[in-house]
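Whatever order the structure lists ligands and atoms in, that order sets their numbers, starting from 1. What's counted below: heavy atoms across the whole structure, side chains too, no hydrogens, waters or symmetry copies. Predicted model, so just to flag it, every value in this text is computed and none were measured.
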Amino acid sequence: MRVAITGARGRLGRALVEAFSAPPGDHAEAPEHPWEVVSTWSRPDYDLDDLKAADRLVRRDRPEVIVHAAAWTDVDGCARHPDLAKRRNTDATEALARACLGAGSRLVLISTNEVFDGRRADGRGYTPDDRVGPLNAYGDSKLAGERAARDAFNRASHREQLAIIRTAWLYGPPGDDFPTKILAAAERASRTHEPLRVVSDEIGSPTFAPDLARAIAGLLANGRASGVLHVVNAGAVSRADWAREILRQAGVDEDVEDIASRAWPRASTPPAWAVLASDVPLRPWSVALAEYLATFRQAAAPAAG
Ligand SMILES: NC(=O)c1ccc[n+]([C@@H]2O[C@H](COP(=O)([O-])OP(=O)(O)OC[C@H]3O[C@@H](n4cnc5c(N)ncnc54)[C@H](OP(=O)(O)O)[C@@H]3O)[C@@H](O)[C@H]2O)c1
């Protein structure tokens, strides 16, 4: 199975490249995995602003599966420039869906918990059957991308060739994510004796990008990559408690002060309840976090000899 990955230099994209490139024995979910080639599509070849790019690359590489991880993920940028968000997260997705249909390729579209309004109050995670209702331009643009892809595949009677995988609160290499920002903020707080304030009324499912990537590879290998699926690490936590766990696991002695999200003004409005019910059982978020933080310690350790 020839696989192409868009946004291959992004957080999820690089994890996908790794997951699809791993030797067969490394995949518990798919020990005899059937992938042959990985095409990585990034700028300048693949640009979300160039609606002809997808068709060009699909014709060039003829992948059997495309995993679309590229997106404009700057939620505040999307709020300030909703037209650009639509072009990059909706129109480019529609163009990719059409290119896939033209070549008979499967499409795995990565989407987000931000298609929901986050007002769910029964303590359960959102399922694919729950009513969508984005609160912000990023969620709007991603949901419209889902719908455009679904309409295109349905019209062509290829419904089963499309998978929409929603996830939440991604973190992982190369960093510049919530854990690395909290560690940097804690260091700053300790130096300046300023309190480390973190929002406590946003609850979500922190998800380690390599875990998600392996799950996607497993779904494809097992013929289950179809329809709408939610994939997140197990458990739910507030941003503030996530920060506390990051500091605890990293051995950093710094207090976290709870604040309300309204005290943290930003262009976009994040959903308060960002919890998804996972259709693929993944390990608890705090266990995955420990693996991630261990890589920091290894990187910081002096070389042996
Ligand atoms: N991050 C989260 O918390 C989160 C949560 C739920 C869902 N998601 C979804 O998961 C997917 C992967 O997200 P991520 O966290 O890996 O995001 P990311 O690290 O920001 O990566 C996004 C990728 O998209 C590419 N990209 C951005 N603008 C582009 C453009 N104009 N043309 C071509 N490529 C462009 C980037 O390319 P460069 O490397 O060249 O910049 C990057 O490779 C996205 O679909 C996102 O909507 C993310």
(request) Return the orientation label for the F116 and Y126 ring planes: parallel under 30°, perpendicular over 60°, tilted otherwise. (result) parallel

(message) Test salt bridge (Lys or Arg N to Asp or Glu O under 4.0 Å) on D55 and R59; report intermediate values, then the result.
(response) CA-CA 6 Å; D55 199 47; R59 283 170 194 276; 3.1 Å; yes

(request) Provide the full list of salt bridge (charged side-chain N to carboxylate O under 4.0 Å, His left out) pairs with a residue in residues 272-290, sequence neighbours left out, each pair given once. (result) D211-R283, R283-E291

(request) Look only at the side chain of S226 and the backbone of E160, and say whether a donor-acceptor pair between them is shorter than 3.5 Å. (result) yes

(request) Heavy-atom cut-off of under 4.0 Å around ligand 1: list whichever protein residues fall inside it, by chain and number. (result) G7, R9, G10, R11, L12, R43, Y46, D47, L48, A69, A70, A71, T73, R88, I110, S111, T112, Y138, K142, T167, A168, W169, L170

(request) Please answer: with hydrophobic residues joined when any side-chain heavy atoms are less than 4.5 Å apart, are I246 and V199 in the same cluster? (result) no

(request) Please say whether more than 12 non-hydrogen atoms of neighbouring residues, nucleotides or ligands are located less than 6.0 Å from CZ in R266. (result) yes

